[in-house]
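Below: the structure, in structure tokens.
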Amino acid sequence: MPARSDKHSNTTQLPLSKDLPMTADAILKDFSHYFGHMLGRRTISADSPFLYQAVVFAARDRLVERWGKTRDAMESKDNRRVSYLSLEFLMGRLLRNALLNLGIEDETAEALNRIGLDLEDVYERERDAGLGNGGLGRLAACFLDSCATLKLPVLGYGIRYHYGMFHQRIENGHQLEEPDSWLREGFPWEIERIEFTQAIKFGGRSNTYTDKGGITRYQWVDTQDVLAIPFDVPIPGYENDVVNTLRLWSAAATDGFDLDEFNAGSYVDAVAAKNAAENITMVLYPNAETENGQELRLRQQYFLASASLQDTIRYWALHHGDDFSEFAEKNCFQLNDTHPAVAVAELMRLLMDEHGIDWDMAWDITRNTMAYTNHTLLPEALEKWPVSMFRRLLPRILDIIYEINARFVAEVSQRWPGDNDRIRRMSLVEEGSEPMLRMAYLAIVGSFSVNGVAALHSKLLREGLFRDFADLWPEKFNNKTNGVTQRRWLAACNQELAALISEKIGNGWITDLTQLSQLAALADDANFQVAWREVKLHNKQRLAANIEAKTGLKISTDSIFDVQVKRIHEYKRQLLNLLHAVHLYDRIRRGEGEQIVPRTIVIGGKAAPGYAMAKNIIKCINNVARVINSDPMMAGKLQLIFYPDYNVSGMELICPAADLSEQISTAGKEASGTGNMKFMMNGALTIGTLDGANVEIREAVGAENFFLFGLTVEQIEALRGQYDPQVIIDADDDFKRVMDLLDSGHFNRFESGLMDGISQAIREPADLWMTAADFRSFVDAQTAAAEAYTETENWTKMSILNTAASGQFSTDRTMREYNDDIWRLLPIELDSD
Ligand code: 26Q
């Protein structure tokens, strides 16, 4: 390859040697080199972390070659690119996915086989990269996989937290949080790029001066700077030689960090103070949507936004110097919720203060590059920051937000003269004793696109939460229904089903999931049904073994696997699921055991450490589980399992094994859901409300293949104010018995008062989640599901039809829609194409 140079930089490139072969021989040779020479180990024992690391290095070499070629292809074209800004990337394990996408899973397994090792054991050695809380973070990870597969030039920007999502341990039924030191044995996928380090400003004050041309300019001075060091993770596309990048920023103190200021005390204290800087990327906030206002969290947000924007501008300057006239045509920043929304003001600052651009042009550029995705309908979850905190931490950014707001308010009053109420509602600053900045409004005002994540959610955003803004700028608002990547969520995690499907319809579905619709023609085929059931049984056996290893409980694979796994939150209504479990327990105890279809209820998920009600729900589930699982009357009929430390790897075992997927949130509260899609793809039937993407799932698969229950959004809203749960309970014998059992102390013999909180929550007329309102229709839908399960052939048919109808829930489709409507990117063209 010829050395290449650039207009604004004088770099040349090291020519790469010949491509590494993708054979078992070559992989074994590289593995041996890394294990023996680089890591300096001789003893091969199955549980050594170095084995795993050496396998990764052998795979990474092959990724690095393709990575370089992808970068060359992008740089030679100067095409438009997208930066996906997200505080969370919930990647999980990377090895199986990388080998699958590189097309060398068999070769690697063969190489390891020759030295008596099992690739599956090596996979198990990898720790989850748990850099996210749940849906929003996992969505970002699925997006990266699909963008690389579609060859879209999308760069993920995130934070390299030292501690990811906490590990959940259950002790006496309580959740205990343990730190996730996922980096302790190293993260062999990453490459540190110290050459792209950026300095991030905090504190200080904003200062004006007059430049040579007599123009007033602003400077942010006397700051305490923190360094942002990027670590790159390769993101391979599926068998297409594209490797995209996830760039994760890590904080470090500057060399001269504050030594002057702290020298007054002592040198050792001053050096210790460096810790404060490095704290920024220490830990992922494991928050519930509603916990807000922590200063360190705001530092994280600004740190990510500033580092990523500076990195983009650094790259821009390589090719364009200080000419920003085409910047907006060539760049787009997708904001994953409001978490990085401060980027709107930071881009303004960089363009004006550091590159001398005037307000109007800077604003034009900003508004044409930023796009915002909303992920919540809960009004209390909208991010707000105290103005006072901004003034202290980010004074120059606050100036800019005030100026954006002044101009925006002028625009609103021109459109609706005298409508002061509207101005107060729409202002970026919420007035009050402690004035607050409304980050969602900043994101809307500063973006050219605002999208929701499911059809219903986007409609409710336009008509409810963001109605004033949709009146002003209807063209900004759009929907992009979420998806999941079928490479991880079917091909990799359910290899037996994947093989069965490919045997019948070929493997085109791996890159075109709509091809699964061809399975519908086989839904009645008796032989195919037998094979389909056999795969499900194997997956249930695999999960049963995993549950036994984790909890010591043996579960029956003949029973319906009825699964609800997701973060614990009142709106997701794990409590409703628990009420049903208690109802089944009560029916069996009152002698209806013969009529009960054997069922194993699995509930898993983490509670935010500060969310007392969610933690109490976990404790109550565990208490009820202990009573049910130790009652001989329940044997062979009913089991209740709390799955501890639910995470991405857990879901990879759970979703292939599920028969019934619980998607039971209060209508109008779950923005989309993505677990619902993973279950459907793997042949589970859904029991669910008309909420989030459930609506589209039901439309796709047909009402007859979906167990619908519960009030609609409209009915929920109509009921508010006159909701009386006690009347509902009193009118329903089954419900009354369930509540009596909860209140009697039956599940908390030596823990008096334990159930009071949840019992009161269910009886509370102001209960936002209206659990009692949906009890009866939920129980009826569960009965219908159980009956349907006993008709084995028809159940199998419905299961096949669910997989067959899941084609539209691929993130490949989602990414195409983002690209058609928002990003408008051209695919990367490799030399080999
Ligand atoms: C807030 C304040 C302080 C610190 C952290 C946070 C915080 C962190 C994570 C707030 C929200 C989140 C995560 C939200 C989330 O996962 N939302 C889910 O996004 C999915 C992808 O679009 C949807 O499918 C789910 O419906 C939605 O709940």
Side-chain angles (χ1 to χ4, degrees), residues 84 86-90 130-143 158-159 161 164-166 283-301 304 334-342 372-386 389 436 439-440 451-458 460-461 479-485 565-573 605-611 614 648 651 663-679 688-689 691-697 809 811 814 818:
Y84 195 81
S86 178
L87 272 282
E88 306 190 8
F89 286 91
L90 188 41
L131 307 184
N133 274 285
L136 166 151
R138 183 53 230 176
L139 185 75
C142 285
F143 279 9
I159 292 183
Y161 301 106
M165 188 62 202
F166 66 82
V283 59
L284 167 77
Y285 274 87
N287 271 33
E289 268 95 330
T290 53
E291 234 174 285
N292 243 318
Q294 295 297 310
E295 177 176 321
L296 184 62
R297 171 75 176 178
L298 180 58
R299 285 183 187 269
Q300 291 182 341
Q301 296 185 346
L304 170 67
Q334 189 73 42
L335 307 176
N336 199 18
D337 216 298
T338 53
H339 312 159
V342 68
Y372 157 54
T373 305
N374 171 283
H375 298 265
T376 185
L377 279 159
L378 307 180
E380 66 272 27
L382 289 186
E383 261 194 308
K384 289 175 198 164
W385 290 106
M389 197 184 284
M436 306 286 274
M439 300 311 279
N451 76 281
V453 291
L456 175 67
H457 170 232
S458 296
L460 295 173
L461 283 183
N479 173 246
K480 297 287 168 282
T481 300
N482 284 166
V484 304
T485 169
V565 283
K566 51 183 80 228
R567 288 301 289 266
I568 310 294
H569 204 297
E570 287 163 279
Y571 84 79
K572 294 176 187 284
R573 295 201 297 195
K606 294 174 185 173
Y611 188 174
V648 172
M651 187 56 155
Q663 307 301 335
I664 61 178
S665 52
T666 312
K669 300 300 174 194
E670 187 72 88
S672 164
T674 47
N676 47 4
M677 301 168 185
K678 294 163 198 166
F679 283 115
T689 49
D691 199 17
N694 297 351
V695 177
E696 289 154 88
I697 285 178
F809 301 107
T811 34
T814 311
Y818 273 81

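Atoms considered below: every heavy atom in the structure, side chains included; atoms not considered: hydrogens, waters and symmetry mates. Both ligands and their constituent atoms are indexed starting at 1 by order of listing.
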Exercise. If you measure from each non-hydrogen atom of H375 to ligand 1, which part falls under 4.0 Å: side chain, backbone, both or neither?
Worked result: both
Exercise. Heavy-atom distance to atom 5 (C) of ligand 1: which of E383, R297, Q301, R567 wins?
Worked result: R297
For this session: Heavy-atom distances under 4.0 Å are what count here, so tell me which part of H339 touches ligand 1: side chain, backbone, both or neither.
Result: side chain
Problem set entry | Partner residues of Y818 under the ring pair (Phe, Tyr, Trp, His ring centres under 6.0 Å) criterion, sequence neighbours left out | F143, W823
Exercise. Given A381, G452, G132, G135, which one has a non-hydrogen atom that is nearest to atom 20 (C) of ligand 1?
Worked result: G135
Exercise. Would E383 and Q301 satisfy side-chain hydrogen bond (donor to acceptor under 3.5 Å, both in side chains), going step by step from the backbone distance to the final call?
Worked result: CA-CA 12 Å; E383 261 194 308; Q301 296 185 346; 2.6 Å; yes
Exercise. At a non-hydrogen distance cut-off of under 4.0 Å, which region of E88 contacts ligand 1 (side chain, backbone, both, or neither)?
Worked result: side chain
For this session: Before giving the answer on side-chain hydrogen bond (donor to acceptor under 3.5 Å, both in side chains), spell out for N133 and E88 the whole-Å C-alpha distance, their side-chain angles and the decisive distance to 0.1 Å.
Result: CA-CA 7 Å; N133 274 285; E88 306 190 8; 2.8 Å; yes
For this session: With sequence neighbours excluded, tell me which residues meet side-chain contact (heavy atoms from CB on, under 4.5 Å) with A141.
Result: M91, R138
Problem set entry | Atom indices of ligand 1 within 4.0 angstrom of Y571 heavy atoms, with elements | 28 (O)
Exercise. For ligand 1, is there an atom lying under 4.0 Å from some heavy atom of G673?
Worked result: yes
Exercise. Should one rank L136, N287, L377, V453 by closest heavy-atom distance to atom 15 (C) of ligand 1, which comes out on top?
Worked result: L136
Problem set entry | Atoms in ligand 1 with a heavy atom of E670 nearer than 4.0 Å | 25 (C), 26 (O), 27 (C), 28 (O)
For this session: Evaluate side-chain hydrogen bond (donor to acceptor under 3.5 Å, both in side chains) for Y285 paired with Q294, printing each intermediate quantity in order.
Result: CA-CA 10 Å; Y285 274 87; Q294 295 297 310; 4.6 Å; no
Exercise. Is L87 touching ligand 1 with its side chain, its backbone, both, or neither, if touching means heavy atoms under 4.0 Å apart?
Worked result: neither
For this session: Could you list the atoms of ligand 1 found under 4.0 angstrom from a heavy atom of A671?
Result: 26 (O)
For this session: Determine, step by step, whether M436 and W385 satisfy the side-chain contact (heavy atoms from CB on, under 4.5 Å) criterion, reporting the C-alpha distance in whole Å, the side-chain angles of both residues, the deciding distance to 0.1 Å, and the verdict.
Result: CA-CA 5 Å; M436 306 286 274; W385 290 106; over 6 Å; no
Exercise. With no hydrogens and no angle check, is any side-chain donor or acceptor of S672 less than 3.5 Å from a backbone partner on A454?
Worked result: no
Exercise. At a non-hydrogen distance cut-off of under 4.0 Å, which region of N133 contacts ligand 1 (side chain, backbone, both, or neither)?
Worked result: side chain
Problem set entry | Minimum side-chain heavy-atom gap M439-V342 below 4.5 Å | yes
